[in-house]
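Structure first, then comments.
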Amino acid sequence: MALPYPPPPLAVPSSYPFHFLPSSSDPPYDILRTHPSLSLLSNCRTHQSLRETHAQMVKTGLHNTNYALSKLLELCVVSPHFDGLPYAVSVFETIQEPNLLIWNTMLRGLASSSDLVSALEMYVRMVSLGHVPNAYTFPFLLKSCAKSKTFEEGRQIHAQVMKLGCEVDRYVHTSLISMYARNGRLEDARKVFDTSSQRDVVSCTALITGYASRGDVRSARKMFDEITERDVVSWNAMITGYVENGGYEEALELFKEMMRMNVRPDEGTLVSVLSACAQSGSIELGREIHTLVDDHHGFGSSLKIVNAFIGLYSKCGDVEIASGLFEGLSCKDVVSWNTLIGGYTHMNLYKEALLLFQEMLRSGESPNDVTMLSVLPACAHLGAIDIGRWIHVYIDKRLKGVTNGSALRTSLIDMYAKCGDIEAAHQVFNSMMHKSLSSWNAMIFGFAMHGRANAAFDLFSRMRKNGIEPDDITLVGLLSACSHSGLLDLGRHIFKSVTQDYNITPKLEHYGCMIDLLGHAGLFKEAEEIIHMMPMEPDGVIWCSLLKACKMHGNLELAESFAQKLMEIEPENSGSYVLLSNIYATAGRWEDVARIREVLNGKGMKKVPGCSSIEIDSVVHEFIIGDKLHPQSREIYRMLEEMDVLLEEAGFVPDTSEVLQEMEEERKEGALRHHSEKLAIAFGLISTKPGTKLTVVKNLRVCRNCHEATKLISKIYNREIVARDRTRFHHFRDGVCSCCDYW
DNA sequence: CAACTTGTTA
């Protein structure tokens, strides 16, 4: 997976090759309107044909008329066939005296590109050149504000609207409502709504959307019921409103009611309903709609609907069909790419997601904020920090001022933290102007994961000083910080304050952290008291953490009962069997080990293989235990031998008790030596310059043995080694680990 | 010219 790094220089919009004479006044309108070159414009479906038609215009002198130019720009800006905005901008910059229509057209283009800063700059430029905005100007500008969720700018635009008396315009009025509604300012939206006696469907629909996105489905429904003449879009808005709030049943019910009332569904309806199916897992209804669409409505060629189907199948587990639909598209748009990438991420197919992302870049499609929001979690899971850094640079350069700036940065924090670079995560966090609660949470979790409980708590007090109320997730973050660092008393204190100080009902995760802390400390009684006290059933994670605690404290009896529970809840999870068998092995009870192994084999369950990966030069290399598949396998094993010699010289004695099977000591050592993380480290050592930090990601937890070995390796080779296991990070440096052997 | 489709943190 090689990405150009550092990212290629940004492509400057191709500069326009012609010189323009200052445009005086346009020739008579009738001549222009019927000019053959202009009728060619509407047939342009590609960038190339657009350029050709533009050349024609230059030949015939049309390029010196504002009328023809406005038509050209309009086409660039609204064409669904290609992204003509960069071309529009470069043409625009050459126009000597753009008229209001041209300014408005540019604003129209920028409004749909979700680049608020450019739109505002364009508006300021226009006004400072003495142009007076009209009723066509504001809807575009307000749409920009609505899309980028910037209420302050929106309010200033509102003031301008009032100054010019434009608020009586129907379109401006609706745009204002929509802007406030989309910013979550429903009271302001409602105020604007009430200033007019005209209750047109469009305004009502804007309010429905606003109420719904705030989670107030009841007000949305009330609004919906008040509309006397519903059109398709208002039905769609209500359906979408239900979908957004998890009311899939209601959404599908409303869809059926709509069909009964003979309202013909349009593209938007199907997209909303399919999204409801995708998110609720109603693959059956989705398939029905698929048949319906294919048979009657002739929507088969609609890109939006095909995209919706890709979303449906990829989220409901039929990735094959989804990618088939995707491949079958002759013309993919950015949403098609995003949907499938998001589907892969949703199905935990992270490698596929990254590969598709790279294919997207090669295809020339420009990723947007949504793309990055789907790709970054994949990087985070795989530890693909080079790609993550590339994306970071891309965001800073290309996605400046974009709608989801805060969400993007939060996702970056998470990516850096999970890829082992907690400093980079912290830097992103500190650079954020508007920190959302999610960004604070992501940072707290990052510190917790890295065993830096102090930093997590410092951050929490900083957050409180900033007047931000923590939510349930914040407190899970703090508790997990305690549990990763073994801070039992602090954990108890926080756990109490969840209900007492913050008035939050503890969820399973809060109990889980507390139980983990108690188990770790060997306080099994107290842990079991919590289990009895909590209002819900413990999940597999809780039993598993108790089982691990039993292993630490050598409590065989309890281990058996916890393992029993775990097997009841998650009979498919081979991990519980392996863990229990390891506990028996530690106690030397080999008959029990053999018995467990038989059960495992009998059920046809496979042990989840330990898998470690390391990213070298933007390529993620994966290793499984004893794996010889890597092209440089021979060098890797030679390195392993060298490492073992040096380890032995340093006095390292492998602890062989954790191996699943009972076998001769020598073979056991062999199996341990080839644990996947060691292969990854060996590969890292031979593939990087001396002194380079190595970062390894493992799907399971590190075993004691590898942990000890890695500590020594960091000293022997003078390398900082960062290892992420299933739950947390270990920073090995100079023979010690940041976890202080507590994990 | 406005209202309805892709998405992030635990």
Side-chain angles (χ1 to χ4, degrees), chain A residues 74 78 101 104-105 107-108 111 134-143 146 169-179 181-182 200-210 212 231-241 243 266-276 278 302-305 307-308 310-311 314-315 333-343 345-346 368-377 380 403-404 406-415 417-418 436-446 448-449 471-477 479-480 507 509:
Chain A
E74 185 185 9
V78 300
L101 179 60
N104 284 345
T105 307
L107 283 173
R108 181 178 178 186
N134 64 7
Y136 282 77
T137 312
F138 292 114
F140 302 130
L141 212 48
L142 289 166
K143 188 181 179 182
D169 180 86
R170 195 159 54 97
Y171 287 92
V172 176
H173 184 244
T174 331
S175 301
L176 277 169
I177 296 170
S178 172
M179 182 274 293
R182 290 231 259 171
D200 59 311
V201 212
V202 184
S203 306
C204 294
T205 310
L207 278 179
I208 291 173
T209 311
D231 63 358
V232 209
V233 183
S234 54
W235 282 92
N236 295 354
M238 197 59 234
I239 292 175
T240 313
V243 176
D266 72 348
E267 205 185 46
T269 322
L270 291 171
V271 171
S272 291
V273 176
L274 285 172
S275 153
S302 151
L303 184 55
K304 285 179 189 177
I305 290 181
N307 285 345
I310 294 174
S314 70
K315 286 205 180 60
D333 70 352
V334 67
V335 178
S336 326
W337 291 95
N338 291 351
T339 307
L340 191 57
I341 292 175
T345 313
H346 189 84
N368 63 9
D369 47 345
V370 179
T371 320
M372 298 318 191
L373 288 172
S374 303
V375 179
L376 281 171
T403 321
N404 284 307
S406 161
L408 279 171
R409 262 150 236 289
T410 303
S411 209
L412 280 174
I413 293 172
D414 180 64
M415 180 278 294
K418 290 207 175 117
S436 66
L437 179 57
S438 320
S439 15
W440 289 94
N441 287 349
M443 196 65 235
I444 289 177
F445 270 94
M449 225 185 320
D471 64 355
D472 53 335
I473 294 155
T474 318
L475 289 151
V476 176
L479 285 171
S480 83
K507 299 214 170 71
E509 288 87 345

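Order of the sequence lines fixes the chain letters, A, B, ..., with proteins taken first and strands second; residue numbering starts at 1 for each chain. None of these values were measured; they are calculated from a predicted model.
Protein atom CZ of A:Arg182 is 8 Å distant from nucleotide atom P of B:dT5, rounded to whole Å. The nearest whole Å value for the distance from the CG atom in A:Asn307 to the C1' atom in B:dT6 is 7 Å. In this entry the distance linking CG of A:Leu376 with C1' of B:dT8 reads 8 Å, nearest Å. Regarding A:Asn134, its CG atom lies at a distance of 14 Å from the P atom of B:dA2, rounded to whole Å. Across the protein-nucleic acid pair, A:Phe445 atom CZ and B:dT9 atom P stand 12 Å apart, rounded to whole Å.
Nucleic acid contact class of A:Asp333 (heavy atoms, under 4.0 Å, all strands): none. Using a 4.0 Å heavy-atom criterion, one finds that A:Tyr171 contacts the bases of the nucleic acid, with or without backbone contacts as well. When heavy atoms are screened at a 4.0 angstrom cut-off, A:Pro377 is found touching the sugar-phosphate backbone but no base atom. Residue A:Ser438 is classed as a base contact, given a heavy-atom separation below 4.0 Å to a base. Here A:Phe140 lies in heavy-atom contact (under 4.0 Å) with sugar-phosphate atoms only. Within 4.0 Å of A:Val233, counting heavy atoms only, lies at least one base atom of the nucleic acid. Base engagement by A:Ala407 is indicated by at least one non-hydrogen atom pair under 4.0 Å involving a base atom. Among the heavy atoms of the strands lying under 4.0 Å from A:Lys315 are primed sugar atoms or P, OP1, OP2 only; no base atom is included. Within 4.0 Å (heavy atoms only), A:Ala135 reaches at least one base atom of the nucleic acid. As judged by a 4.0 angstrom heavy-atom cut-off over every strand, A:Asp414 is placed among residues touching the sugar-phosphate backbone only.
A donor-acceptor contact under 3.5 angstrom links the side chains of A:Asn441 and A:Asp471, judged on distance only.
Side-chain proximity of A:Ala237 to B:dT6, B:dA3, B:dC4: nearest is B:dC4. When distances run from any side-chain atom of A:Thr174 to the nucleotides B:dC4, B:dT8, B:dA2, the shortest one goes to B:dA2. The side chain of A:Leu373 has B:dT8 as its nearest neighbour among B:dT6, B:dT8, B:dC1. For A:Ser178, counting side-chain heavy atoms from C-beta on, the closest listed nucleotide (B:dT6, B:dT8, B:dA3) is B:dA3.
In this structure, A:Ser272 and A:Asn236 approach most closely via the heavy-atom pair OG-O, 4.0 Å. Residues A:Ala237 and A:Thr205 approach most closely at CB-CG2, 3.4 Å, considering heavy atoms.
Evaluation of the side-chain contact (heavy atoms from CB on, under 4.5 Å) rule for A:Ser314 yields A:Ala322, A:Leu340 as partners, not counting sequence neighbours. Qualifying side-chain contact (heavy atoms from CB on, under 4.5 Å) partners for A:Thr371, counting only residues two or more places apart in sequence or in other chains: A:Val334, A:Asn338, A:Ile341, A:Phe357, A:Met360, A:Pro367, A:Asn368, A:Val375.
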